[in-house]
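Report on the following structure.
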Amino acid sequence: MAAAGCRRASRSPTAGGPSPSSPAYAAHTRTPGFAAALDEVLGEAATATVAVMCSESVWWRCHRRLVADVAVLARGVPVRHLVPDGRLSDHRPSDGAVLGADGLLRWPGPP
């Protein structure tokens, strides 16, 4: 998933995202490059356990939240998070995340 990258400079103030720090990554999830990288990860996940990792310890404050939203809502693939105490928790999509008619996910913009 390295091709999907993480922190991105915002190019659109209306890109949306579940937190004020994520609009640029939310916009990135709608690019062909992101789709190709996610296809690769989901292809691997079809036959093995796959982990998407980042230096941020909690998934809900990280780009992994958006990746999980896209996997669950746009691709129908279940996601489980390894939480700090070692438990696995099923992904609950971000409030307001909407799958568009184009098959791309959008989140409400920052307040």
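The shown structure was predicted, so the numbers you read here are calculated from the model rather than taken from an experiment.
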Find out whether [X] and [Y] are in side-chain contact, i.e. whether some heavy atom of one side chain is under 4.5 Å from a heavy atom of the other.
X     : Y     : result
Val52 : Val41 : yes
Leu82 : Trp59 : no
Val72 : Val77 : no

Go through the steps for His63 and Cys54 under the test side chain to side chain contact (heavy atoms under 4.5 Å, CB included), then give the verdict.
CA-CA 8 Å; His63 72 290; Cys54 177; 3.7 Å; yes

Mind listing the closest non-hydrogen atom pair of [X] and [Y] along with its distance?
X      : Y     : result
Tyr25  : Leu66 : CD2-CD1, 3.6 Å
Val58  : Arg64 : C-NH2, 3.5 Å
Trp107 : Arg30 : CZ3-NH1, 3.9 Å
Ala71  : Val79 : CB-CG2, 3.8 Å

Results of side-chain hydrogen bond (donor to acceptor under 3.5 Å, both in side chains) for His91 - residues two or more places apart only:
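For His91 the side-chain hydrogen bond (donor to acceptor under 3.5 Å, both in side chains) partners, ignoring immediate neighbours, are Asp69, His81.
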
Pairing residues for Glu56 by the salt bridge (charged side-chain N to carboxylate O under 4.0 Å, His left out) criterion, not counting sequence neighbours
Arg61

For a quick test of your reading: what N or O donor-acceptor pairs under 3.5 Å do the side chains of residues 97-104 make, sequence neighbours left out?
from, atom 1, to, atom 2, distance (Å)
Asp102, OD1, Leu104, N, 3.0
Asp102, OD1, Arg106, NH1, 3.4
Asp102, OD2, Arg106, NH1, 3.3
Asp102, OD2, Arg106, NH2, 3.2

In sequence, state the C-alpha distance, the side-chain angles, and the governing distance for Arg65 and Ser94, and then conclude on side-chain hydrogen bond (donor to acceptor under 3.5 Å, both in side chains).
CA-CA 8 Å; Arg65 177 181 192 159; Ser94 302; 2.8 Å; yes

